[in-house]
Amino acid sequence: MDSFLIRGPCRLRGEVAVSGAKNAMLPLMAASILTGGLCTLENIPGLRDTRTMMKLLDVLGVSSILEDGILTIDASGVSSFEAPYDLVRTMRASIYVLGPLVARYGRARVSMPGGCAWGPRPVDLHLKGLKALGADIRIDHGYIDARAERLHGTEIVLSVPSVGATVNIIMAAVLADGRTVIENAAREPEITELAMALKTGGADIEGEGTSRITIEGVQEIEPFSHRVIPDRIETGTFAAAAVLTGGAVEIVNCRPDHVLAVIDKLASCGAKIEATESTLRVTGPERPEPVDIGTGFYPAFPTDMQAQMMAVLCLARGSSTIVEHVYPDRFTHVPELRRLGARIHVDGSVAVVTGVDRLEGAPLMATDIRASSALILAGLVAEGESKILRIYHIDRGYECIEDKFVKLGADIRRIKE
Ligand code: EPZ
């Protein structure tokens, strides 16, 4: 298993380009199943999750080729309807093939995704939505077995604006008979992108990006081409790194309008932030000011930036409170940050971070994509050497992250083991 060796402290300076968004790419790859033809996706990041989803599509009989960031998917037919456990357990988003398979082929057998590093990740809303559309859902030996003669439109109210459930329901409803209304739908940009791509394929969708999405079922979805938006969490991660290191970083090929809540909090930390439509210039303060954070559903402060923000606040001039409203247990990064000398008290879904003057390098363990990126940030400012183990977690969600940090002046290198 590879690891990262980081020597700090450093101040990041220079320009970094953001890659395509993992969480926009994955639904779009699954949506190709609906089309029965050749789909093209541009600005595809070279991630482990990209390769995992390509492997899953291949298992279903949907071949794909990735060249220079362009993914061509041949979804002309499927030879299997089963998403096996050994793939699903490595990437929860594998469940995104459920909706399209049931919608186009009337059947799917998808392993129940397990939990993840920080706790349970239920899929009850996915299944509730598909049942409401007329699918017969059974859990059989750890697999979701879904069948449907024909899906029919319906009204679905989500108890939680779940990204995954909204994605699966949209992909099932576009080929259903009649109208589907999703109330309390997720509003993430990734949902808007999925709807835009499906509409170029002839889908009839309105309200994407709002909490009420209306879908009129159509007979078929034509193959589509779509350019994946920049990754808003990668954007936030580099912005946080600039603030934590007191550096000056120009983030290009990004969408500042997708990270407004993050910009707001980093500005409260004392950062100077200038935005254009596709660039973000972040100049960090000498030392971050403490701020209180509550994660929430988009457009609120994203849970996927909570760990990175905690790393910033470890060196703040005072105490900060972080409340996790989305995943109450999402604090696996806390024991690792403490190993560097951070002072963090966790009580349930609330973490209180008391800023310290310095962090000291130490060996660290990556646990999940975003927690791992927080450890990189902390390693950049810790004095001395930090070694982050199990960085396959990071490779799932960040493309060549060490190369991007080296370009910004960081002393970080990958140790192949
Ligand atoms: C997506 O996961 C993202 N993953 C996650 O990013 C992100 O943390 C999460 O949304 C929240 O923003 C992808 O887009 C591939 P949810 P998802 O369904 O869809 C509850 C990363 O690092 N819930 O929006 O699984 C759930 O417990 C990953 O890129 C149910 O109760 O998240 C949580 O409290 C980590 N029942 C809330 O909804 C369900 O059926 C949000 O979950 C589904 C979800």
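Below, each value reflects all heavy atoms present in this structure, side chains not excepted, and no hydrogens, waters or symmetry copies. We count ligands from 1, going down the list as the structure has it; atoms in each ligand are counted the same way. Being a predicted model, the structure only gives us computed values, none of them experimental. Along the sequence shown, the residues carry numbers beginning at 1.
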J.: Would His393 count as a contact residue for ligand 1, given that I'm defining contact as a non-hydrogen atom of the residue lying under 4.0 Å from a ligand atom?
T.: no
J.: Would you call Lys416-Asp2 a salt bridge at under 4.0 Å N-O?
T.: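 Result for this pair is yes, salt bridge flagged.
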J.: Output the list of atoms in ligand 1 that are nearer than 4.0 Å to some heavy atom of Gly164, sorted by atom number.
T.: 18 (O), 19 (O)
J.: Applying a heavy-atom cut-off of 4.0 Å, say which part of Tyr298 lies close to ligand 1: side chain, backbone, both or neither.
T.: neither
J.: Who's the nearest protein heavy-atom neighbour of atom 33 (C) of ligand 1, and how far?
T.: Tyr327 CE2, 3.6 Å
J.: Among protein heavy atoms, which sits nearest to atom 5 (C) of ligand 1, and what does the distance come to when rounded to 0.1 Å?
T.: Asp304 OD2, 3.7 Å
J.: Suppose we measure from atom 41 (C) of ligand 1 to each protein heavy atom; which comes out shortest, and what is that distance?
T.: Phe297 CE2, 3.7 Å
J.: If we ignore angles and hydrogens, is there a donor and acceptor under 3.5 Å between the side chains of Tyr327 and Arg121?
T.: yes
J.: Spell out, as yes or no, whether a donor-acceptor pair under 3.5 Å connects the side chain of Thr50 to the backbone of Gly46.
T.: no
J.: Give the numbers and elements of all ligand 1 atoms closer than 4.0 Å to a heavy atom of His126.
T.: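 Checking each atom against His126, I get 40 (O).
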J.: Is the backbone of Ile215 close enough, under 3.5 Å, to the side chain of Asp204 for a donor and an acceptor to pair up by distance?
T.: no
J.: Considering non-hydrogen atoms of the protein only, which is the closest contact for atom 35 (C) of ligand 1, and what is the distance?
T.: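 The answer is Trp118 CH2, 3.6 Å.
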J.: Considering both backbone and side-chain atoms of Leu125, is one of its nitrogen or oxygen atoms within less than 3.5 Å of a nitrogen or oxygen in ligand 1?
T.: yes
J.: Just distances here: any N/O of Val326 and N/O of ligand 1 closer than 3.5 Å?
T.: yes
J.: Please list, chain by chain and in numerical order, all residues satisfying salt bridge (charged side-chain N to carboxylate O under 4.0 Å, His left out) with Asp58, sequence neighbours excluded.
T.: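 Salt bridge (charged side-chain N to carboxylate O under 4.0 Å, His left out) check on Asp58 returns nothing, list empty.
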J.: Are any side-chain N or O atoms of Asp347 and backbone N or O atoms of Val350, one a donor and one an acceptor, separated by less than 3.5 Å?
T.: no
J.: Got the closest protein heavy atom to atom 2 (O) of ligand 1, with its distance?
T.: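 Here the nearest protein heavy atom works out to Arg121 NH2, 3.4 Å.
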J.: Please classify the Asp124 to ligand 1 contact at 4.0 Å (heavy-atom distances, strictly less than): side chain, backbone, both or neither.
T.: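 Under 4.0 Å from ligand 1, Asp124 contributes backbone and side-chain atoms.
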J.: Check for a donor-acceptor pair, side chain of Asp145 on one end and backbone N or O of Asp140 on the other, with a separation under 3.5 Å.
T.: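 Absent.
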J.: Quick one: look at Glu234 and ligand 1, take heavy-atom pairs under 4.0 Å, and tell me if it's side chain, backbone, both or neither.
T.: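 Neither; nothing of Glu234 gets under 4.0 Å from ligand 1.
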J.: May I ask you to decide whether Glu234 forms a salt bridge with Lys404, counting only side-chain N to carboxylate O separations under 4.0 Å?
T.: yes
J.: How close does the nearest protein non-hydrogen atom get to atom 4 (N) of ligand 1, and which residue and atom is it?
T.: Asn23 ND2, 3.7 Å
J.: For atom 39 (C) of ligand 1, which protein heavy atom lies nearest, and how many Å away is it?
T.: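 Looking at atom 39 (C) of ligand 1, the protein heavy atom closest to it is Pro122 O, 3.2 Å.
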J.: Can you name the atoms of ligand 1, numbered from 1 with element, that are less than 4.0 Å from a heavy atom of Arg370?
T.: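 In order of number, 21 (C), 22 (O), 29 (O).
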J.: Looking only at the side chains, is there a donor atom on one of Ser32 and Thr35 sitting less than 3.5 Å from an acceptor on the other?
T.: no
J.: Counting from 1, what ligand 1 atoms have a heavy atom of Arg330 closer than 4.0 Å?
T.: 8 (O), 22 (O), 35 (C)
J.: For Lys22, counting its heavy atoms only, list the atoms of ligand 1 lying under 4.0 Å from any of them.
T.: 21 (C), 29 (O)
J.: Just by distance, with hydrogens left out, do Glu324 and Thr303 show a side-chain donor and acceptor under 3.5 Å apart?
T.: yes
J.: Could you tell me the residue and atom name of the protein heavy atom closest to atom 18 (O) of ligand 1, and the distance to it rounded to 0.1 Å?
T.: Ser162 OG, 2.7 Å
J.: Check whether Arg104 reaches the backbone of Leu34 with its side chain - one donor and one acceptor, N or O, closer than 3.5 Å.
T.: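 Yes; judged by distance alone, with no hydrogens or angles, the pair exists.
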J.: Checking Pro363 now: which residues fulfil side chain to side chain contact (heavy atoms under 4.5 Å, CB included) with it, not counting sequence neighbours?
T.: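 Pro363: side chain to side chain contact (heavy atoms under 4.5 Å, CB included) contacts with Arg339.
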J.: Is there at least one pair of N or O atoms, one from Ala165 and one from ligand 1, spaced under 3.5 Å apart?
T.: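 N/O-N/O distance under 3.5 Å: no.
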J.: Does Cys254 offer a backbone N or O that forms a donor-acceptor pair with the side chain of Ser278 under 3.5 Å?
T.: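 Not at all, since once roles are kept as given, no pair shorter than 3.5 Å links the two residues.
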J.: Is the closest basic N to carboxylate O distance between Asp368 and Arg370 below 4.0 Å?
T.: no
J.: Using non-hydrogen atoms of the residue, decide whether Tyr96 is closer than 4.0 angstrom to ligand 1.
T.: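 Distance cut 4.0 Å: Tyr96 passes for ligand 1.
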J.: Hey, is Arg92 touching ligand 1 through its side chain, its backbone, both or neither, going by heavy atoms under 4.0 Å?
T.: side chain
J.: Which atoms of ligand 1 sit under 4.0 Å from any heavy atom of Val123?
T.: 39 (C), 40 (O)
